[in-house]
Amino acid sequence: MRVTLYQLSKYFGPVKAVDGLDLEIAEGEFMALLGPSGCGKTTTLLTIAGFYQPTAGEVRFDDRVVNDLPPRKRKIGMVFQSYALYPHMRVLDNIAFPLKVQKVPRRKWEERARKVAALLEIDDLLDRLPGQLSGGQQQRVALARALVKEPDLLLLDEPLSNLDAKLRISMRAELKRLQKDLKITTIFVTHDQIEAMTMADRIALLESGRLQQVGAPEELYNFPGNIFVAGFIGTPPMNFLEARLKGNELVGEGFRLPLPKGTHLPSTPPPLVKIGVRPEDLVIGEGDVEGEVYVVEPLGRDVLVTLKVGPTMLKALAPPELPLKAGQQVKLDLAGGRLHLFDAETGQSLLRGNDAN
Amino acid sequence: MWKRIRWGWDKAIAYAILVAIAAPFLAMYVGFFLRAFGKGMTLGIVPKEFGLSNFRFLWEPIAWGLGKTTMWAALGNTLAFAITSGLVVTGVCMLAGYALSRIDFKGKNLFLALQLFLHAVPGQVLLIAIFFLLFYIKLLHKIPGVALARASLEIPLGIWMAKGFFDGIPWDIERSAMIDGCTRFQIWFRIFLPLVRPGIAAVFIWGFLFAWHDFIYVYTLLPGTTKLMSTLIQSLLATEVIDYGYLAALSLIYMIPPLSLFVLLQRALLKVPVFGGKGV
């Protein structure tokens, strides 16, 4: 099923939780709603599920407007962050509950519930109560309950955030695989950009109720449309330096750089710009910018170096064989790496190739 | 050494105070049991011999004034009265508590505040109004009618109790049930009621106990020929010669049902959240 959000807004009194959101989720797509807490992603999900009525705008399933359709008639499956299993029912009854409500005959619901349980490898837990299961097992039960009615749309609210770190990584891969096998249109909410990057076909990044950018993970990483997207995607986060435009040069405290390729200045160029450079693109040891090593943190595969350039602190990922010590003066290459350029006032990107967003 | 003696004194004083407070109550209970099982009291509370003759109402009819009844009839009436009241309180409070916990509507907070106000109104104030009300709906002098009136007094606080239990159930469970295809009523019946079983027990006991102990409503609104335990005991007090042993034995029987309910359901009662605490 295709899901379309058209100018979707949801206000709680004076608070604009979601504000004019336009988004289309294609049939079979795995879409992540990503953003910091309070950005409106969960409100959006609950509106799609039908728990909230939009203040303005529309939610469409295929071509049908479903604003007034109650959740129980929407043919959706949902997994909650807390899993929300019914504590008084056995696992089998939990999974089969959506079918029992539809008055599916016993033989049939039992068969279907067992099949889904086998798919999720929880068929040996069917007689237990939810309280006797581990977090990972509870999550599988919740997922089985969402899938048993063969929904048109699957909604996942922070599905991995209650699992321990190791389990989270294996579930990430498993969920992605499962979604591809079942081809159910899926929307999931997360505040963890790594989760969104690794699992989703496309990511919609929200902030303060507004859509910042939507696209494939690589697109958001390589061509962030504004400063917020640039700073949110990628770990460690992108570095920003303030600079002034002087002809074809960027001049800041302690450096002077040529304009990067693909710069697309408006007719009246902004006086102040922000240069963005990712830690993994910063090269230490060559170049014409002077910096001082402030802290060196070994991560194993790389070394995370904090550098001081003029008044600004920069993070860089360096190969571990590089001999670096705190207090050491080093040369830096900013221009050699891939630079991002933003209008300091509006935060919009000044690079060509972002116009599409 | 000095320290130990000193510490002993502290304890002795504490115990002395506690005993002084408890003694009158203990004496009352001891006297009560001695009377119930004793015969021919001397010095007020020392029985000459023990026996079960005070319990003769178990097999003999009880005479009061010119009338006659049996303990079993009174006990049956009281049970019917208290159980009806308990069921009415439970039914109304479980529905209202769910609505007030989960559904948003205009005037909800006013309604809740009003319940507290109603709880503060003494039941006797309403007696005359209830008398006419029951008279016009033809339920006066009938146990179910009076039980209904009695239940209405305990419903306000019972609603708060029930709401507290429903408040303890996470919203995600309710949302999950909606996604799974339930209507609001199905959620209440299939998911919430099983989860608030301690709440159901507590609210039922609430309605049951107050009706069980009630005297004024029963005395005023039921005919003198329909005896409940409380009015039976009262009518035996109104005779010229009072047989205290007989009364004590009767009162002992009167105590058994509420006591056993408490023992059976005490674990549920310990979880009672009256003002919005977590119940489950």
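Residue numbering restarts at 1 for every chain, and letters A, B, ... go by the order of the sequence lines.
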For this session: Name all residues meeting the side-chain contact (heavy atoms from CB on, under 4.5 Å) criterion together with A/Ala49; count only those two or more places apart in sequence or in a different chain, and write none if there are none.
Result: A/Phe51, A/Ile76, A/Met78, A/Leu155, B/Ile179

Problem set entry | Listed partners of A/Leu167 passing side-chain contact (heavy atoms from CB on, under 4.5 Å), at least two apart | A/Leu163, A/Asp164, A/Ser170

For this session: Could you list which of residues 131-142 of chain A have a heavy atom closer than 4.5 Å to any heavy atom of chain B, in residue-number order?
Result: none

Seminar exercise, completed: Note: vs chain B, highest number of non-hydrogen pairs under 4.5 angstrom among A/Pro71, A/Pro151, A/Ala146 is A/Pro71

Problem set entry | Partners meeting side-chain contact (heavy atoms from CB on, under 4.5 Å) with A/Ala96 (sequence neighbours left out) | A/Lys100, A/Trp109, A/Ala113

Problem set entry | side chain to side chain donor-acceptor pair (under 3.5 Å) between A/Arg168 and A/Ser161, worked out | CA-CA 8 Å; A/Arg168 201 177 305 165; A/Ser161 63; over 6 Å; no

For this session: Would you verify whether the NZ or CZ of A/Arg145 falls within 45 degrees of the ring axis of A/Tyr83 while also being under 6.0 Å from that six-membered ring's centre?
Result: no

Exercise. Checking A/Lys10 against A/Phe12: charged group under 6.0 Å from the ring centre and within 45 degrees of the axis?
Worked result: yes

